[in-house]
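Computation of the quantities below employed the complete heavy-atom set of this structure, encompassing side-chain atoms and omitting hydrogens, waters and symmetry-equivalent molecules. So that the names make sense, note that chain A is the first sequence line, chain B the second, and so on, each numbered from 1. Predicted, not measured: the structure shown is a model, and the values here were computed from it.
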Amino acid sequence: DTAVSQTPKYLVTQMGNDKSIKCEQNLGHDTMYWYKQDSKKFLKIMFSYNNKELIINETVPNRFSPKSPDKAHLNLHINSLELGDSAVYFCASSQGGSNSPLHFGNGTRLTVT
Amino acid sequence: GENVEQHPSTLSVQEGDSAVIKCTYSDSASNYFPWYKQELGKRPQLIIDIRSNVGEKKDQRIAVTLNKTAKHFSLHITETQPEDSAVYFCAASANSGYALNFGKGTSLLVTP
């Protein structure tokens, strides 16, 4: 059983389109995250949610809108995609915030052409 | 936000040698320091972590040390094997309690 699953694994789309990435965790964790990993492998926090409440929005353009319908799901919608959005997006979860291990999903490789 | 510096960015060792990766952090409120290993095309996976009330932790061939006064922590891998080749990330908990701030990664290559 995959603990943190995100779909799709690959996403190729044109500039200006809108796309969504879904994430679900079955670990019973209360905190979920979106991280962006750029071409230089740098992992940068985008958002974190605790019990469906947005805790961190780390200077992300408002074209990115996360949604957490319940504490097991955290989806990411991106409007008006730009070339610079191309990256690998990782969903993660933990119990009790970031003072406990983060469990990452397998990532979504987004390519904007 | 919290700044985590990681060195070196690349490290090449021969099989059987030791590898050391060092990180420094800026926020004295950080109290949790995990290390992640990421193989090519895969997700980061936790390999070891340490909390601020502990100075050293060991798990088989890997160990982590923490110096809270100096705000630095290190990963030590002994008797390296080719399958240790990967990118390693250090991280420190943010003072918000709801994010881990990562170093920029160290690409470790272990040659047979």
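Around the NZ atom of B:Lys68, the shell of radius 6.0 Å holds more than 12 heavy atoms that belong to other residues, nucleotides or ligands. For B:Leu40, the CG atom counts as loosely surrounded, since its 6.0 Å shell holds 12 or fewer non-hydrogen atoms of other residues, nucleotides or ligands. Heavy atoms from other residues, nucleotides or ligands lying under 6.0 Å from NZ of A:Lys9 number more than 12. Annotation: B:Glu79, atom CD; neighbour count of heavy atoms from other residues, nucleotides and ligands within 6.0 Å does not exceed 12. Within a 6.0 Å sphere centred on NZ of A:Lys22, heavy atoms belonging to other residues, nucleotides or ligands number 12 at most. Under a cut-off of 6.0 angstrom, the local environment of CD in B:Glu83 is crowded, with over 12 non-hydrogen atoms contributed by other residues, nucleotides or ligands.
Cluster annotation: A:Leu83 and A:Leu81 are assigned to the same hydrophobic cluster (Ile/Leu/Val/Met/Phe/Trp/Tyr, side-chain heavy-atom contacts under 4.5 Å, transitive). Connection of B:Phe33 to B:Ile47 is established within a shared hydrophobic cluster, with ILVMFWY side chains joined at heavy-atom distances below 4.5 Å, either directly or through further cluster members. Put simply, A:Val112 and A:Tyr89 are part of the same group of oily side chains (I, L, V, M, F, W, Y) that touch within less than 4.5 Å, one to the next. With hydrophobic clusters built from ILVMFWY side chains whose heavy atoms lie under 4.5 angstrom apart, B:Val20 does not share a cluster with B:Tyr25. By the rule that hydrophobic residues join a cluster once side-chain heavy atoms approach within less than 4.5 Å of another member, A:Met46 and A:Met32 end up as members of one cluster.
In this structure, B:Arg43 contributes its side chain and A:Cys91 its backbone to no donor-acceptor pair below 3.5 Å.
Within residues 102-112 of chain B, the residues approaching chain A closer than 4.5 Å by heavy atoms are, in numerical order, B:Phe102, B:Gly103, B:Lys104.
When heavy atoms are compared at a cutoff of 4.5 Å, A:Ile56 approaches chain B solely by way of its side chain, counted from C-beta outward. With a threshold of 4.5 angstrom between heavy atoms, B:Tyr36 approaches chain A through side-chain atoms but not through N, CA, C or O. Both the backbone and the side chain of A:Leu102 come within contact range of chain B, each with at least one heavy atom under 4.5 Å from a heavy atom of that chain. In this structure, the portion of B:Leu46 lying under 4.5 Å from any heavy atom of chain A is its side chain and not its backbone. Neither the backbone nor the side chain of B:Pro34 has a heavy atom closer than 4.5 Å to any heavy atom of chain A. Neither the backbone nor the side chain of A:Tyr49 comes within less than 4.5 Å of any heavy atom in chain B. Contact of A:Phe90 with chain B is made through the side chain alone, with heavy-atom distances under 4.5 Å.
Taking CD from B:Gln38 and NZ from A:Lys41, the interatomic distance works out to 5.5 Å, rounded to the nearest 0.5 Å. Once rounded to the nearest 0.5 Å, the distance linking CG of A:Asn99 with CG of B:Asp49 reads 11.0 Å.
Contact detail for A:Tyr35 and B:Leu100: the closest heavy-atom pair is OH-O, 2.6 Å. Counting all heavy atoms, side chain and backbone alike, B:Ser93 lies closest to A:Ser98 at CB-O, 3.7 Å.
Comparing A:Pro101, A:Gly96, A:Gly105, A:Ser48 by how many heavy-atom pairs each has under 4.5 Å with chain B, the most go to A:Pro101. If you tally non-hydrogen atom pairs under 4.5 Å between each of A:Phe47, A:Phe104, A:Phe42, A:Tyr33 and chain B, the highest count goes to A:Phe104. The candidate from B:Lys42, B:Gln45, B:Arg51 with the greatest count of non-hydrogen atom pairs under 4.5 Å with chain A is B:Arg51.
Contact of the A:Ile45 side chain with the B:Tyr98 side chain is not registered, since no non-hydrogen atoms from C-beta on lie closer than 4.5 Å.
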